[in-house]
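Contents: one structure, followed by commentary.
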Amino acid sequence: MLGKNILRLENFSPDEIRLVLQTARTMKKIIRGDVKKLPNLRGRAIVNLFLEPSTRTRTSFELAGKYLGADVVSINASTSSIVKGESLRDTLLTIEAMGVDAIVMRHKAEGAAEYASKVVKPVIINAGDGAHAHPSQALLDLFTIEQFKGRLNGLKVAIVGDILHSRVARSDVFGLTKMGAEVHLAGPKTLLPRFFNFDGVTVHENIDAALENADVVNVLRIQLERQQSGLFPSAREYARVFGINEERLRLAKDDALILHPGPQNKGLEISNALVYGEHSAIHEQVQNGVAVRMALLDLTLNGESK
Ligand code: NCD
């Protein structure tokens with residue numbers, strides 16, 4: 001994977017996914033240890049260019065780079081020259097000129113990371129481009145599921161909520177089906193895309209059918225910032241018909257795992273009790289996010305360790 005741009009999971013092979021997960025297992029031991037430092041990326045520089053809000057993804061990429069010994073700088077939209085009207089192209093060229101090895105990028109436009117990979121030479125890692133893709137999130141979801149379930153192949157994974165605007169759902173679908181899981185998507189009809197008609201994916205308008213016997217339930221945030229008017233019922237109506245709570249979770253397997261990429265709208269797509277309850281792996285996902293991002297940075301900037 002040396003030099004590979006991480007743009008979307010469609011262009012990962014199952015072997016590459018396995019390599020990331022295996023490397024992340026090693027990285028997780030470092031995070032849990034007393035001295036969170038490896039020399040792997042000493043002398044390398046990484047810029048986090050986040051032009052949309054983020055807490056988990058930005059901080060975890062920043063810590064991932066630092067735990068590997070790289071120099072990491074984070075830029076956000078409101079304090080950069082983008083507010084003075086500088087274009088994305090010029091921003092990227094400016095960062096490249098400073099001798100950077102990788103740019104981790106979040107942008108509201110779909111295809112922004114791919115565009116960056118054509119404009120500049122550093123490795124580009126897509127940390128979310130509009131509603132299109134969020135590959136590192138999907139990889140940390142796979143990692144978390146494998147940690148708790150011991151496998152991915154043959155599992156029933158329900159992904160529920162605002163599928164239409166979710167870059168997480170889109171990347172999860174590709175990652176999960178490549179690894180042999182069965183994906184069931186459910187949400188209000190207005191928030192269900194039509195383009196997920198392929199092997200291993202079933203789209204439901206009835207949420208109960210998706211939850212029934214599920215091994216994993218990934219609850220998505222309602223993307224209020226990406227909604228056009230008319231797509232979303234009232235919050236009360238949504239919570240009543242599609243919200244995941246303890247009662248609805250009884251349809252899933254007894255040991256079902258709850259995931260949510262965060263941040264949660266508690267009481268809307270998920271109940272407070274479930275976020276903090278025994279089925280929840282939501283906080284584990286955050287830690288796993290650092291391990292997976294360490295793996296991605298190490299594999300793309302150093303290649304496979306000898
Ligand atoms: C997700 C994102 O930004 O795409 N969050 C994240 O990266 N942890 C999901 C979301 O915002 O709903």
Side-chain angles (χ1 to χ4, degrees), residues 6-9 20 24 48-65 74 76-77 104-114 125-145 157-176 185-188 191-193 216-228 231-232 235 238-239 242-244 258-270 274-275 280-297:
I6 310 296
L7 304 178
R8 52 180 186 268
L9 281 196
V20 174
N48 273 342
L49 178 63
F50 274 64
L51 306 180
E52 265 198 336
S54 173
T55 298
R56 294 157 190 75
T57 308
R58 185 167 56 83
T59 310
S60 59
F61 265 116
E62 184 165 336
L63 286 175
S74 289
N76 57 47
V104 180
M105 188 173 148
R106 172 168 285 195
H107 197 283
K108 69 175 189 308
E110 296 169 23
E114 182 157 7
I125 300 187
N126 183 7
D129 59 334
H132 172 236
H134 193 351
S136 65
Q137 177 71 42
L139 289 164
L140 81 86
D141 290 345
L142 298 183
F143 183 89
T144 307
I145 296 170
V157 181
I159 304 180
V160 297
D162 183 358
I163 313 282
L164 183 65
H165 300 101
S166 177
R167 53 193 175 206
V168 177
R170 203 143 312 168
S171 289
D172 274 349
V173 163
F174 289 106
L176 287 163
L185 303 173
L191 297 178
L192 284 175
V216 180
V217 182
N218 191 6
V219 188
L220 301 173
R221 182 175 66 87
I222 298 290
Q223 307 267 305
L224 292 166
E225 74 276 31
R226 291 187 222 286
Q227 300 274 348
Q228 294 140 32
L231 290 181
F232 183 63
Y238 185 89
F242 295 101
I244 305 295
I258 294 271
L259 304 180
H260 190 304
Q264 304 96 28
N265 297 301
K266 298 192 188 78
L268 182 58
E269 73 262 2
I270 190 164
L274 278 191
V275 172
S280 171
I282 295 171
H283 289 275
E284 196 74 15
Q285 278 178 283
V286 176
Q287 179 166 102
N288 291 343
V290 182
V292 163
R293 288 163 180 137
M294 286 173 79
L296 286 173
L297 291 171

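In listed order, ligands and their atoms are each counted from 1.
Using a 4.0 Å cut-off between heavy atoms, Q223 contacts ligand 1 through its side chain alone, with no backbone atom that close.
Heavy-atom minimum distance, S54 versus R106: CB-NH1, 3.4 Å.
By the 4.5 Å heavy-atom criterion applied to side chains, L176 and I145 are counted as neighbours. Here the side chains of L142 and V292 are not in contact, with every heavy-atom distance at 4.5 Å or above. At a threshold of 4.5 Å between non-hydrogen side-chain atoms, the residues D129 and M105 do not count as touching. In this structure the side chain of V160 reaches within 4.5 angstrom of the side chain of I244, judged on heavy atoms. Contact annotation: the side chain of L9 approaches that of L139 to within less than 4.5 Å [non-hydrogen atoms, C-beta and beyond].
Taking every heavy atom of T57 and a limit of under 4.0 angstrom, the matching atoms of ligand 1 come to 6 (C), 7 (O), 8 (N). Close contacts between ligand 1 and R106 involve ligand atoms 2 (C), 3 (O), 7 (O) [criterion: under 4.0 Å to a heavy atom]. Under a 4.0 Å criterion applied to the non-hydrogen atoms of Q137, ligand 1 contributes the atoms 6 (C), 7 (O), 8 (N).
Here atom 7 (O) of ligand 1 lies nearest to H134 when heavy atoms of R221, H260, H134, R56 are compared.
For atom 4 (O) of ligand 1, the closest non-hydrogen atom on the protein side is R167 NE, 2.6 Å. Looking at atom 5 (N) of ligand 1, its nearest protein heavy atom turns out to be G262 O, 3.0 Å.
Considering backbone and side-chain N/O atoms, P261 comes within less than 3.5 Å of an N/O atom of ligand 1.
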